[in-house]
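Just so we're on the same page: letters track the sequence lines, and every chain starts at 1. Just so it is clear, the model here is predicted, and its values are computed rather than measured.
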Amino acid sequence: MWDEQTKAIRRMSTAEVFAPERAYGWEFYQRPTVEVAWGLLGAVLVKREPEGLCAARLVELEAYLPDGDAANHAARGWSERTAPMFAAGGILYVYAIYGRHRCVNVVTEPEGRPGAVLLRAAEVLHGEELMRRRRGEVQWEALCRGPANLARAFGFELSDNFRSVCSAELFIVPPPEPIAPEAVRRTPRIGISRARELPLRFVLWQSRCRSR
DNA sequence: GCAAGGATCTAA
DNA sequence: TAGATCCTTGCC
């Protein structure tokens, strides 16, 4: 069940898809969170490290807004944990949840406005072997399915807080072609108790890597 | 269906 | 400083 864009992107060469010069810059992230979320859907997260290159196409995201969003960790103001969200967009906010897990967000909006986009699922394009070393023997579809699984496959840790997503080692490349709005389904966010009604989860519905 | 388990927040 | 909470996962 491949959609056309997934097929297209898998045909492209490593150099075409994973070039840092094609990546989003600071100005992209320092905009309203929902706009950034739209721009990140179908985009490719790339992480270069000594052990190898990891790349995956983002297919499921959640927006956490700076205003009127009780589910945002930063809704009750600044804290040590949420400090990255108050910085200018274009860095990571990583937090621990339920003991063993990590969740990775891309910080949005200008400095002082705590917005973020949670990375919930992605289709692996490169680095499958390295990800399996971290995740164990799971199917390709499941490598980056679910926020904590994505974080683990990419090797993100709490120490990656404040890390730039506009560097040569970590960046996000826009989709080769615009995402058709009808390919996207918006739903309430997963696992939250407050602000359940807001349709801030964005899913490329055809993807076999979206969470269930 | 629910336990595991760590960091953080809140109330005291 | 104790107790609750939490943007989850995988095993029962």
**Prompt:** side chain to side chain contact (heavy atoms under 4.5 Å, CB included) with R135(A): which residues, sequence neighbours excluded?
**Reply:** V138(A), L143(A), N149(A), R152(A), A153(A)
Would you kindly give the [atom1]-to-[atom2] distance between [X] and [N], to the nearest whole Å?
X: R145(A); N: dT8(C); atom1: CZ; atom2: P; answer: 15 Å
X: R212(A); N: dT8(C); atom1: CZ; atom2: C1'; answer: 13 Å
X: R201(A); N: dC7(C); atom1: CZ; atom2: P; answer: 15 Å
X: N72(A); N: dC6(C); atom1: CG; atom2: P; answer: 14 Å

Atom pairs, N/O to N/O, protein against nucleotides 7-9 of chain B, distance under 3.5 Å?
unit_1: dC9(B); atom_1: OP1; unit_2: S79(A); atom_2: OG; d: 2.2

**Item:** side chain to side chain donor-acceptor pair (under 3.5 Å) partners of H101(A), counting only residues at least two apart
**Value:** none
**Request:** Using a 3.5 Å limit on both pairing distances, list the dot-bracket string of DNA chain C from the 5' end; Watson-Crick and G-U wobble pairs count, crossing pairs take [ ], interstrand pairs take |.
**Result:** ||||||.||||.
**Item:** Ring centre gap for Y95(A) and H73(A) strictly below 6.0 Å
**Value:** yes
**From dC6(C), dC7(C), dT9(C), nucleotide with atom closest to Y98(A) side chain** = dC6(C)
**Asked** So which pairs with a foot in residues 83-96 of chain A pass salt bridge (charged side-chain N to carboxylate O under 4.0 Å, His left out), sequence neighbours left out?
**Response** none
**Pairs meeting criterion ring pair (Phe, Tyr, Trp, His ring centres under 6.0 Å) with involvement of residues 181-202 of chain A, two or more places apart** = W38(A)-F202(A)
